[in-house]
There are 2 protein chains.
Amino acid sequence: MARLPVCECESVHQDIVDAVKPQLLGDAEAIDLASVFKLFGDGTRVRILQALRVHELCVCDLACLLGLTKSAISHQLKALRLSNLVKFRREAQNVFYSLADEHVEAILDIGLEHLRE
Amino acid sequence: MARLPVCECESVHQDIVDAVKPQLLGDAEAIDLASVFKLFGDGTRVRILQALRVHELCVCDLACLLGLTKSAISHQLKALRLSNLVKFRREAQNVFYSLADEHVEAILDIGLEHLRE
DNA sequence: GTATTAGTTGAGCAACTGTTCAACTATATA
DNA sequence: TATATAGTTGAACAGTTGCTCAACTAATAC
C-alpha cells in the first residue's frame, strides 16, 4: 500500500487530482477503517451481529443459532470485541454479548438497504 | 457455514433463541451482505471509495493518487462495479468512475464515526 | 493501415483468514 | 477438595485474496 513518487500515466487530470489528494484518508486511517468493515465482511460475523441486534446472547446461544462450535463463535467475538463492535457482561458461567453502539446497527441497515433496493 | 441440527451446549436460553431465530438472516442473504461489506474491508478499496466520494476519477487518476498500477486499480474497480458500489462512464479514452449511490457514502461516514468517537 | 495511451483481464503467487482441535481458565455445585 | 459446564486461546491447515505480470481490447491520432 506504499505510494509511488510518480504516476505511470500520461494524462492525469492534475487539477482534480490535486483537489482530491488532501481529502484522502491517511494510510493508517484507511487501514483502520478497512479493518472495521472487514469484520462485517464475513458470513458468520454478520450473522452474529444480526442476531445480537435482536437480543443479547451468550456464546452457547450463538453457537446453537448459527450451528457452529463455541470455539469458532468465541474467536469471532474476540475480533468483534477488539474493534468495539460488541460489548459483553458476565453472569455466572455465561458471557452475554450485545452490540456496542448504534453505528453497528446503522451499518447493518444500510448494507441491507443496498442489497434489497 | 452449515447449520448443525443440534447444539453442543446444555444451557441454551431456549426462549430467547427461539425468538431470535426467525429474525436471523438467511444463509444466502448473510453471504450477500458480507460480500458487500468485504469490499469496504480493504485499504486500497476504501481509499478508492473515499477518493470517488470527493470527485469522479479515471483509472489513471486513482492509480496516481494511490500509488498503484492501473491494473491493480482496475481489478478493484471491477469488484466494486459488480456489487454496484461504483458506476462509470466512458469519455474518449478515459473511463470515469463515481460512487453508485448515497449508501456508499453513508457507510463510509458511519465507519469513520465509529473509528473517531 | 500503424502507433500510442487508457483500460481490462486471467494466471500465478505470496500473504492473509476462518475453522478445527486440543489445552486451557472461570464459575458454580456437590 | 473434585467435577462439570461455559468460554477462551494458540497452532495448524485449507481456502481465499490482492498484487504483479503479460497479453489483450478500446479509442484517438497520424
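Below, chains carry the letters A, B, ... as their sequence lines are ordered, and counting in each starts from 1.
Atom pair B:F96:CZ and C:dT8:P shows a separation of 12 Å (rounding to whole Å applied). The CZ atom of A:F40 sits 18 Å away from the C1' atom of C:dG18 (whole-angstrom rounding). Whole-Å rounding puts the B:Q93 CD to C:dA6 P distance at 7 Å. Between B:K70 atom NZ and C:dT8 atom C1' there is a gap of 10 Å when expressed in whole angstrom units. Going from atom CG of A:D42 over to atom P of C:dC16 covers 18 Å, rounded to whole Å. If you take CD of A:E91 and C1' of C:dA26, they are 15 Å apart, rounded to a whole angstrom. B:L77 places its CG atom 11 Å from the P atom of C:dT9, with the value rounded to the nearest Å. As rounded to whole Å, 16 Å separates atom P of D:dA6 from atom CZ of A:R89.
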* To do: Would you please test B:D61 and B:C58 for side-chain contact (heavy atoms from CB on, under 4.5 Å) and show each step?
  => CA-CA 5 Å; B:D61 295 340; B:C58 71; 3.4 Å; yes

* To do: Under the side-chain contact (heavy atoms from CB on, under 4.5 Å) rule, what do B:R81 and B:F88 come out as? Steps first, then yes or no, please.
  => CA-CA 8 Å; B:R81 242 191 293 131; B:F88 64 99; 3.2 Å; yes

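B:K78 has no side-chain polar atom (N or O) that falls below the 4.0 Å cut-off from OP1 or OP2 of D:dC19. At the phosphate of D:dC19, OP1 or OP2 sits under 4.0 Å from a side-chain N or O atom of B:Q76. Of the side-chain N and O atoms in B:R45, one or more sit less than 4.0 angstrom from OP1 or OP2 of D:dG18. The shortest distance between the side-chain N/O atoms of B:N94 and the OP1/OP2 oxygens of D:dA27 is not below 4.0 Å. Not one side-chain nitrogen or oxygen of A:R90 sits closer than 4.0 Å to the OP1 or OP2 atom of D:dA6. Not one side-chain nitrogen or oxygen of B:Y97 sits closer than 4.0 Å to the OP1 or OP2 atom of C:dA6.
If you find the closest nucleotide of DNA chain C to B:S74 and to A:K38, the one lying nearer the 5' end belongs to B:S74. Each of B:A92 and B:I73 has a nearest nucleotide on DNA chain D; the 5'-most of these lies closest to B:I73.
A donor N or O paired with an acceptor N or O is not found under 3.5 Å between the base of C:dC21 and the side-chain atoms of A:T69. Between the base of C:dG10 and the side chain of B:H75 there is a donor-acceptor pair shorter than 3.5 Å. B:S71 contributes no side-chain N or O that forms a donor-acceptor pair with the base of D:dC19 under 3.5 Å.
B:I16 has its side chain within reach of B:V20: a pair of non-hydrogen atoms, C-beta onward, lies under 4.5 Å apart.
Distances were taken from every side-chain heavy atom of B:A72 (C-beta onward) to each of C:dT20, C:dT8, D:dT20; the shortest belongs to D:dT20.
Under 4.0 Å is where a charged nitrogen must lie from a carboxylate oxygen, and between A:R47 and B:D27 at least one such pair does. We find that B:R53 and B:D109 are joined by a salt bridge, their nearest charged nitrogen and carboxylate oxygen being less than 4.0 Å apart.
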